Asks: 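Dropping the structure in here first, questions after.
These values consider heavy atoms only, across backbone and side chains, with no hydrogens, waters or symmetry-generated copies. Computed from a predicted structure; not experimentally measured.
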Amino acid sequence: MEAYLGIDVGSVTTKFAVLDEKDELVTSLYTRTLGRPIDVIQESMQKILARLPADLVIKGVGTTGSARYLAGVVVGADVVKNEVTAHAVGASHYIPDVQTIIEIGGQDSKMIIMRDGIVTDFGMNTVCAAGTGSFLDQQASRLNIEIEDFGPLALKSKSAVRIAGRCTVFAESDMIHKQQMGYGVQDILYGLCEALTRNYLNNIGLGKEILPPVAFQGGVASNVGIVRAFEESLKTEIVVPPHHQVMGAIGVALLSHEKSMDNGGTTKFKGFGISDMEYAATSFECKACTNICEIIQIKVERKVIARWGGRCDKWDDING
Amino acid sequence: MLRIGIPRGLLYYQYYPLWSTFFQEMGMEVVTSNPTSKAIMAAGSARMVAETCLPVKVYCGHVIELVGKCDYLFIPAIRSIQKNVYNCSKFLGLPDLIKAVVPKCPPIIDVDIDVSKGKVSLHPSSYEIGRWIKPRPKREKEAAKLAWESHLAYIKAMESEMVSPLEYLSGQKPSLASQGNEHFTVALIGHPYNIYDEFITHRIIHRLNTLGARVVLPEMAGRDLLAAGVVKVVGRPYWTYEDEIVGAGGHYLDADVDGVVAIVSFGCGPDSTMIDVVQRYARRPGARPLLTLTIDEHTGEAGMVTRLEAFLDMVARKARRRSA
């Protein structure tokens, strides 16, 4: 059996997806990045291998997410793609006529506008993390609620509390204020869901033509409270596609399948054996000019396989 | 020999040939700072109040680098270069701003260029340089004439020979005219002090080329088309250098390009209004796709690269569909 592997290494979570030759999902994995992307990739590759049929051969690998270049050199990727394209490709695989994609991850959020199967516009959050998964995570733990229970509890709300969602700092103090006034936790939680969607639509959705079908993916799409809040403010049905958490990984696996078709099936994949190899990332300051760039070196078995971080090409050639 | 310092920031990218020729032809040495680096940006940011935009902070860093290396600094206050069209307050007050924050600042030649008031224009023959430099330099008239010629030659090279300002000013070989035609074309718009500062915009032209895009620049459209772009989008120009964003946006969003990338400074008042009208214009049916990148001193390369890559994927797919 031939298969394609997609890896999405995000700031907070790392996602894996394996697709067969019919692009059906064989297995997927969703795990925390824990600030150690290389280790997490190595460990996860072992777990994935254990779940795969023995006759399965990986014919193509793609990486995406903010650590896509790092993941790309570690596993030997055929395709290294940005998150916007990967998510768009993944979503249109499950919802071919999708026109709007809402994607909210751990530290970033984006909106992708598609028409006739191609991306026509997109927006990403800039420096602010208000309205992303990390914010919900923080507030849930402050209220002593498991993130998994957040959505169901919020849905029990009868009348939501209005919470200032423009900035996480203000949202938090507003929330504490409301809680001390005696509002119920479910009303506060749903108020947070509304604040997050309001913030998202006013920032990333500003000036965008939001037409159905609307797909909602990324980790936060698991939160039924947020889904309901989006449905109420957009007055349209929100479709949460299957495997929405790993959609970026699925998208990039699809792209690696495409690439494999184009290049006759040769892959740069280093195999599942990379789990046993010794990877190390070291850094040093380049003092060749006043920019003092911090150069990162990725080594496998003590051999440098990649370098980046410089503002010029000086260190890019790893053979030099 | 008298040394005149011209910092490599802000209007350097528009007027360096003009000003450097003027002083050199009067027998002075022109010194300029090195291209922006981390150290220059840090030195400037440390001296400026937090609210100023990145290009002004960077400019301040360039001035600091010239302290001790020149006898005079040339920092004109450009109030207006066109009747009833106004400049950002930071350009108006630039010499005073610099004087107030740069320690051991050399004397500043702060020519007050104000075409609306009708006295001093961009043409150096109106500068009356003897008010700063004594004895009054000889050959002033002739130097002004030669300087103006080199200014016009610079504009002409950008308009008709597709030389990028960066290449012209650093004496590099022009590369944009010989870009391949097999790829798609992206117009890069914004103020020269942003798009040609390779440090603050992370070598964006080179990056776009590497990602397979042919790049065209505002200057290449020519002054007339840029002015027409401003009229088309907002009717009457209000801001000086509005043509670099509104004019270039109005022109390229309807032109034969596959996409437009706009660079604006975070915290810039005029930019925030200019980019808004351009974004509204880009929403008209048939307009080319537009990507806006807002830069400040914390702008990481990764965020910019992700946006550029995603934008170019989109542009490439659209271009493929159009040609199919």
Asks: Tell me the closest heavy-atom pair linking B/Thr306 and A/Glu83, and the distance in Å.
Replies: CG2-OE1, 3.4 Å
Asks: Counting only heavy atoms not in B/Gln172, do more than 12 fall under 6.0 Å of its CD?
Replies: yes
Asks: Provide the closest heavy-atom pair for B/Ala310 versus A/Thr85 in the form atom of the first, atom of the second, distance.
Replies: CA-OG1, 4.1 Å
Asks: Take atom CZ of A/Arg36 as the centre, draw a 6.0 Å sphere, and report whether it contains more than 12 heavy atoms from other residues, nucleotides or ligands.
Replies: yes
Asks: Mind running side chain to side chain contact (heavy atoms under 4.5 Å, CB included) on B/Asp313 and A/Val84 for me, showing each step along the way?
Replies: CA-CA 9 Å; B/Asp313 276 349; A/Val84 175; over 6 Å; no
Asks: Spell out, as yes or no, whether a donor-acceptor pair under 3.5 Å connects the side chain of B/Lys38 to the backbone of A/Ile292.
Replies: yes
Asks: Output the distance between atom CD1 (A/Ile112) and atom CE (B/Met314), rounded to the nearest 0.5 Å.
Replies: 11.0 Å
Asks: Is the number of heavy atoms from other residues, nucleotides or ligands under 6.0 Å of A/Asp262 CG greater than 12?
Replies: yes
Asks: Which distance, rounded to the nearest 0.5 Å, do you find between the CZ of B/Phe199 and the OG1 of A/Thr290?
Replies: 8.0 Å
Asks: Chain A heavy atoms under 4.5 Å from B/Ile40: which part of the residue, side chain, backbone, both or neither?
Replies: neither
Asks: Which residues, numbered in order, of residues 96-103 of chain A come under 4.5 angstrom of chain B by heavy-atom distance?
Replies: none
Asks: Taking atom OH of A/Tyr94 as the centre, does the number of heavy atoms from other residues, nucleotides or ligands within less than 6.0 Å exceed 12?
Replies: yes
Asks: Considering non-hydrogen atoms only, spot the tightest contact between B/Arg307 and A/Phe122 and give its length.
Replies: O-CZ, 3.6 Å
Asks: If you round to the nearest 0.5 Å, how far is CZ of B/Arg283 from CG of A/Asp121?
Replies: 9.0 Å
Asks: Just checking heavy atoms, which of residues 61-81 of chain A are less than 4.5 Å from chain B?
Replies: A/Arg68, A/Tyr69, A/Lys81
